[in-house]
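Let me begin by presenting the structure, written as structure tokens, before commenting on it.
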Amino acid sequence: MHAPHPSMPPSRGPPSLGGMPTPSDVLAERFASALGAAFGEEYAGVDPVIRPSQFADFQANAALALAKRLGAKPREVAERLLEHLDVADVCLEPEVSGPGFVNLTLRPEWVADQVRALAADERLGVPVEEPRVVPVDYSAPNVAKEMHVGHLRTTVVGDALARTLEHLGHHVVRQNHIGDWGTPFGMLIEHLLAVGEDSEEARLLVERPNDFYQAARAQFEGSPEFADRARQRVVDLQAGDPDTRRLWQELIGLSTAYFNRIYSALDVTLTDDDLAGESSYNDALEGICEELEAKGIATVSEGALCVFLDGHTGREGRPVPLIVRKSDGGYGYATTDLATIRHRVEDLHADTILYVVGAPQHLHLQMVFETARKAGWLPPGVEVVHVQIGNVLGTDGKILRTRSGAPIRLSSLLEEAVDRASAVLADARPELDEAARARIAEDVGIGAVKYADLSVSHDSEYTFDFDRMLALTGNTGPYLQYAAARIRSMFRKGGLSPADATGQVRLGEEPERALGLALLGFGGVVAQVGRSYEPHRLCAYLFDLAQAFTTFYEQCPVLRAEDEAVRESRLALSAATLAVLQRGLGLLGITAPEQM
RNA sequence: GCCCCCGUAGCUCAGCUGGAUAGAGCUUCGGACUUCUAAUCCGGUGGUCGCAGGUUCGAGUCCUGCCGGGGGCGCCA
């Protein structure tokens with residue numbers, strides 16, 4: 001009936017194969033028992049509304065919601081609840097506060113034990129969920145075109161989701177739906193032939209694809225004879241002419257080399273095995289149309305085969321069509337998108353399909369999804385989600401362009417990022433040799449760029465700011481990397497290994513307690529990202545954790561702790577923090593360098 | 001004209017799906033490096049959450065209307 005609530009205990013959340021419960025899970029379970037005991041079994045199922053609190057570690061807000069239903073005052077409900085609440089092992093004495101909140105402060109010993117359990121857990125508290133097959137469609141650059149900052153977002157967000165879902169136990173199938181088909185290919189093939197396959201100009205496809213594309217375009221527009229040949233090429237390509245096909249493959253090979261260069265620089269997990277370009281669905285398109293027509297879902301309108309869906313009207317109230325076959329007999333991307341759904345459901349056996357695709361395509365995708373449902377290609381049990389990527393805007397509020405009118409090149413953005421990191425590093429760590437600095441600068445520069453895109457919610461548009469994207473201080477990737485590097489440095493200095501720091505945890509001072517509590521939130525956040533498809537929540541969590549660590553680091557001496565037991569405890573806390581930071585950054589696709 | 005998204009501090013963005021006194025980073029001002037890495041930390045300044053109604057114990061969050069910005073709306077993808 002209701003969608004699962006993120007803060008519900010595991011028993012009511014998505015299927016999970018075990019794992020450490022988070023503190024709020026534990027409290028929710030205890031409150032469920034208390035609710036049942038106090039007010040009858042039918043109340044054991046209501047959400048106890050456990051939330052983080054500014055007045056305690058957590059607060060339970062159930063009493064306020066239940067007061068009306070029970071016909072009692074909220075504070076009285078809370079008091080009765082407390083009479084049946086058994087949390088003595090977990091919390092200090094719960095307190096009713098304000099209009100009827102129950103404030104809960106965790107016992108430091110309990111938190112300490114949980115931290116130790118988390119540190120000993122391979123998965124650091126992240127649950128293993130019941131495996132689902134999840135194709136994730138992301139990146140999708142175009143052959144013979146430069147990737148721009150828009151592609152960066154879908155690539156980076158999609159990759160983080162793929163890594164996170166995989167880590168939660170799901171079978172992720174990466175799908176890079178590259179634009180490798182369409183009328184421009186006649187022009188591109190002719191141009192490739194004209195400049196020579198092994199020429200410098202052809203190499204532009206790997207280094208500066210837009211230059212190649214624009215040269216081809218100039219030919220096309222400047223020479224009617226070239227344009228004619230290009231049009232004939234399109235026909236040959238579609239007819240499967242072997243020579244044309246070979247040239248087309250060559251073009252794709254060069255572009256793939258370009259994509260891989262970018263993916264490698266970005267440390268994105270996409271490989272050639274994940275390529276599932278538009279062209280791979282060509283053979284299915286005719287069948288898609290025939291089936292839609294046979295089922296009476298598609299009808300011919302103005303010469304084109306269209307699907308009209310209820311509730312979709314455009315200008316002047318005219319129905320909006322999803323055109324599956326153009327009036328000239330050709331197919332558009334709607335047909336291809338329908339074919340991808342059928343493939344992902346029938347061949348890949350998808351349970352959930354993610355489309356990490358730009359927000360402007362929302363209407364189109366909704367129509368495709370609805371059509372697929374009507375055609376029976378998308379059974380009710382299969383969930384399909386458009387993870388909308390908001391536009392990147394320029395300072396004028398319009399979709400980003402540089403002064404010249406050309407989109408900002410992704411490769412130059414990445415180079416600038418590494419250069420800036422390099423400059424800071426040369427200044428701060430002159431004692432490191434150049435090769436080491438170069439490696440670190442890459443991790444830091446790329447980490448900054450990726451974190452900038454991951455830390456804002458994926459569906460909101462944002463204004464592109466070069467300096468914001470490349471910033472190395474504040475709420476940035478490098479801040480998290482720096483915290484991890486300081487921990488590693490500390491262990492190096494002490495001649496110790498984080499793996500050996502498994503001592504008893506004691507949380508005496510406030511910064512220690514805050515850090516311990518922060519560590520326990522990891523599993524819940526990762527699971528939430530897996531459910532909501534919002535990597536920025538993991539970013540926010542890791543930033544909070546790194547802040548908690550840095551405060552601890554400034555105020556609590558570790559190696560120089562006066563007391564041996566305190567030292568052991570702080571080492572264990574530091575090691576656990578490092579493990580979580582590293583794992584969390586890993587799920588985001590960001591590398592934490594050994595030192596920086 | 002219809003539909004979707006957005007409007008929170010000077011700037012860029014969060015806000016855990018309705019909880020108490022709305023947060024962070026950047027900027028700015030003032031402090032902290034002979035002490036585990038100052039890419040850091042501590043403190044201050046800064047908000048009528050676009051506007052107006054509504055729902056209820058309680059609204060930045062949900063509903064309606066208006067204002068402002070972005071996007072989509074038949075043969076490009």
Side-chain angles (χ1 to χ4, degrees), chain A residues 3 5-7 24 49 51-55 59 61 64-65 67-68 73-74 97-101 140 142 179 181-184 278 301-306 311-323 325-328 330 332-334 336-337 358-364 366 388 390-391 393 397-399 421 424-425 427-429 444 455-457 459-463 465 467-468 471-476 478-479 481-483 485-487 489-494 524-525 528 532 536-537 539-541 543-544 547 550-551 553-555 557-561 570 574 595-596:
Chain A
H5 187 289
S7 63
S24 94
V49 200
R51 296 283 185 272
S53 173
Q54 52 186 317
F55 301 103
Q59 59 186 53
N61 304 335
L64 294 110
K68 178 163 272 183
K73 291 186 174 174
S97 166
F101 301 107
N142 290 315
W181 200 252
T183 49
E278 292 164 7
S301 163
E302 295 175 30
L305 187 62
C306 303
H312 288 108
T313 51
R315 278 187 253 277
E316 289 126 37
R318 291 180 73 200
V320 176
L322 184 72
I323 296 176
R325 192 176 58 219
K326 300 186 283 183
S327 52
D328 67 1
Y333 71 133
T336 311
D337 283 340
Q361 299 210 40
H362 190 65
L363 175 63
H364 164 73
Q366 290 312 310
Q388 299 191 54
N391 283 324
L393 309 177
K398 306 281 186 187
I399 291 177
V424 172
L425 210 51
D427 192 47
R429 296 280 170 272
V444 171
S455 59
V456 299
S457 50
D459 57 343
S460 65
E461 303 181 322
Y462 74 69
T463 306
D465 178 347
D467 292 324
R468 180 189 75 86
L472 305 174
T473 61
N475 185 358
T476 62
Y479 179 88
Q481 293 170 318
Y482 185 67
R486 293 220 279 192
I487 297 172
S489 167
M490 198 170 68
F491 277 96
R492 270 198 306 276
K493 191 145 250 172
V525 169
Q528 191 187 19
S532 65
H536 79 279
R537 294 188 185 278
C539 292
Y541 166 79
F543 181 64
D544 283 345
Q547 276 190 316
T550 311
T551 299
Y553 180 86
E554 300 274 342
Q555 295 182 29
V558 179
L559 293 175
R560 300 176 187 202
R570 288 177 181 172
S574 300
Q595 52 183 331
M596 60 187 279

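A, B, ... follow the sequence lines: proteins, then strands. Residue 1 opens every chain.
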- Atom C1', compared across B/G70 and B/G74: separation rounded to whole Å: 23 Å

- Message: Does B/C42 have OP1 or OP2 under 4.0 Å away from a side-chain N or O of A/T551?
- Response: yes

- Comparing nearest nucleotides in RNA chain B, the 5'-proximal residue of the pair A/L363, A/R560 is A/R560

- Considering only heavy atoms from C-beta outward, does the side chain of A/Y482 approach that of A/L472 to under 4.5 Å? no

- Task: May I ask you to verify whether the side chain of A/S97 and the base of B/A20 hold a donor-acceptor pair under 3.5 Å?
- Result: yes

- Going by heavy atoms in the side chains, are A/V49 and A/Q59 under 4.5 Å from each other? no

- Message: Taking donor-acceptor contacts at under 3.5 Å, does the side chain of A/S301 reach the base of B/G74?
- Response: yes

- So how far is it from A/Q388 CD to A/E461 CD, rounded to the nearest 0.5 Å? 10.5 Å

- Quick one: are A/Q595 and A/S489 in side-chain contact, heavy atoms under 4.5 Å? no

- Round to a whole Å and report the spacing from NZ of A/K68 to P of B/G58. 9 Å

- Counting just side-chain N and O atoms, does A/H362 come under 4.0 Å of either OP1 or OP2 of B/C73? no

- Taking CD from A/Q366 and P from B/C5, how many angstroms apart are they, rounded to a whole number? 10 Å

- Task: Could you check whether A/P557 gets within reach of a base, just the sugar-phosphate, or nothing at all, counting any heavy atom under 4.0 Å?
- Result: base

- Message: Roughly how many Å apart are B/G44 and B/A52, using the P atom of each and rounding to a whole number?
- Response: 31 Å

- Task: Mark yes or no for whether A/N391, through its side chain, and A/L393, through its backbone, hold a donor-acceptor pair below 3.5 Å.
- Result: no

- Side-chain donor/acceptor of A/R537 to backbone N/O of A/V525, under 3.5 Å: no

- Using atom C1' of each nucleotide, how far apart are B/A22 and B/G47 to the nearest Å? 9 Å

- Message: Students often get this wrong, so: under 4.0 angstrom with heavy atoms, is A/G332 touching a base, only sugar-phosphate, or nothing?
- Response: sugar-phosphate

- Task: Tell me which nucleotide among B/G74, B/G71, B/A20 gets nearest to the side chain of A/Q59.
- Result: B/A20

- Report yes if at least one side-chain N or O of A/R315 is closer than 4.0 Å to OP1 or OP2 of B/G72; otherwise report no. no

- Task: Nearest 0.5 Å please: distance from the OG1 atom of A/T476 over to the CZ atom of A/R468.
- Result: 11.5 Å

- Message: Base, sugar-phosphate or nothing for A/L425? Non-hydrogen atoms, less than 4.0 Å.
- Response: base

- Considering only the P atoms, how many Å lie between B/C62 and B/G18, rounded to the nearest integer? 7 Å

- Base of B/A20 and ring of A/F101 stacked, centres under 5.5 Å, planes under 30°: yes

- Message: Using a 3.5 Å limit on both distances, find every run of at least three consecutive Watson-Crick or G-U pairs that involves RNA chain B.
- Response: B:1-7 with B:67-73, B:10-13 with B:23-26, B:28-32 with B:40-44, B:50-54 with B:62-66

- Task: Might you point out which heavy atoms bring A/L559 and A/M490 nearest each other, and give the distance in Å?
- Result: CD1-O, 3.4 Å

- When we call it a touch if two heavy atoms are under 4.0 Å apart, what does A/P360 touch: a base, just sugar-phosphate, or nothing? sugar-phosphate

- Query: What is the distance from CD of A/Q481 to C1' of B/U40, rounded to the nearest Å?
  - Reply: 15 Å

- Task: Figure out the CG/P separation between A/D459 and B/C13, and round it to whole Å.
- Result: 13 Å

- Item | From NE2 (A/H362) to NE2 (A/H364), nearest 0.5 Å | 12.0 Å

- Message: Any side-chain N or O of A/R486 below 4.0 angstrom from OP1/OP2 of B/A38?
- Response: yes

- Message: Does A/P184 reach a base, just sugar-phosphate, or nothing at all? Heavy atoms under 4.0 Å.
- Response: nothing

- Query: Is A/R537 side chain donor-acceptor paired with the B/C16 base, going by distance under 3.5 Å alone?
  - Reply: no

- Message: Looking at every non-hydrogen atom in both residues, tell me the closest pair between A/R570 and A/A561 and how far apart they are.
- Response: NH1-CB, 4.2 Å

Quick one: which protein N/O atoms are closer than 3.5 Å to N/O atoms of nucleotides 22-30 of chain B? Pair and distance per line, please.
none

- Query: Side chains of A/Y541 and A/Q528: closer than 4.5 Å at any heavy-atom pair?
  - Reply: no

- Note on the structure: A/F543 and A/G474 have their tightest heavy-atom pair at CE1-O, 4.0 Å

- Message: Using a heavy-atom cut-off of 4.0 Å across all strands, would you classify A/T550 as base, sugar-phosphate, or nothing?
- Response: sugar-phosphate

- Query: For the pair made of CH2 in A/W181 and C1' in B/A77, what is the distance, rounded to whole Å?
  - Reply: 15 Å

- Task: Would you indicate, yes or no, if B/C76 has its OP1 or OP2 atom less than 4.0 angstrom from a side-chain nitrogen or oxygen of A/K326?
- Result: yes

- Task: Describe the nucleic acid contact of A/S460 in one word from base, sugar-phosphate, nothing, applying a heavy-atom distance below 4.0 Å.
- Result: sugar-phosphate

- Message: Can you work out whether A/Q388 or A/S455 has the more 5'-proximal nearest nucleotide on RNA chain B?
- Response: A/Q388

- Message: By the 4.0 Å heavy-atom rule, please label A/H312 as base, sugar-phosphate, or nothing.
- Response: nothing

- Base, sugar-phosphate, or nothing for A/A65, non-hydrogen atoms under 4.0 angstrom? base

- Classify the nucleic acid contact of A/A304 as base, sugar-phosphate or nothing, counting any heavy atom under 4.0 Å across all strands shown. base

- How would you label the contact of A/V320 with the nucleic acid (heavy atoms, under 4.0 Å): base, sugar-phosphate, or nothing? sugar-phosphate

- Message: Can you measure A/Y462 atom OH to B/C5 atom C1' for me and round it to whole angstrom units?
- Response: 17 Å

- Message: Expressed as a whole number of angstroms, how long is the span from A/N61:CG to B/U56:C1'?
- Response: 15 Å

- Query: What interatomic distance, in whole Å, is found between P of B/C49 and the corresponding atom of B/A20?
  - Reply: 15 Å

- Could you check if the base of B/U34 is syn or anti? Syn means the glycosidic torsion is within 90 degrees of 0. anti

- Which heavy atom in A/S457 sits nearest to a heavy atom in A/S460, and how many Å separate them? O-OG, 3.1 Å

- Query: NA contact type, A/V444, heavy-atom cut-off 4.0 Å: base, sugar-phosphate, or nothing?
  - Reply: base

- Euclidean distance for C1', B/C16 against B/A24 (whole angstrom): 15 Å

- Item | Proximity to the side chain of A/N391 - top-ranked nucleotide from B/G71, B/C57, B/A77 | B/G71

- Between B/U8 and B/C13, how far is it from one C1' atom to the other, in whole Å? 10 Å

- Message: Using O4'-C1'-N9-C4 for purines and O4'-C1'-N1-C2 for pyrimidines, with syn meaning within 90° of 0, is B/C41 syn or anti?
- Response: anti

- Query: Could you state the CD-P distance from A/E278 to B/C76, rounded to the nearest angstrom?
  - Reply: 14 Å

- Any side-chain N or O of A/S457 under 4.0 Å from OP1/OP2 of B/A14? yes

- Message: Below the 4.0 Å mark, does B/C41 have OP1 or OP2 next to a side-chain nitrogen or oxygen of A/Y479?
- Response: yes

- Query: Can you find a pair of side-chain heavy atoms, one from A/L322 and one from A/H312, that are under 4.5 Å apart?
  - Reply: no

- Span that lies between the C1' atom of B/G50 and that of B/A9, in whole angstrom: 15 Å

- Task: Give a yes/no answer on whether the side chain of A/Y482 brings an N or O atom under 4.0 Å of OP1 or OP2 in B/A39.
- Result: yes

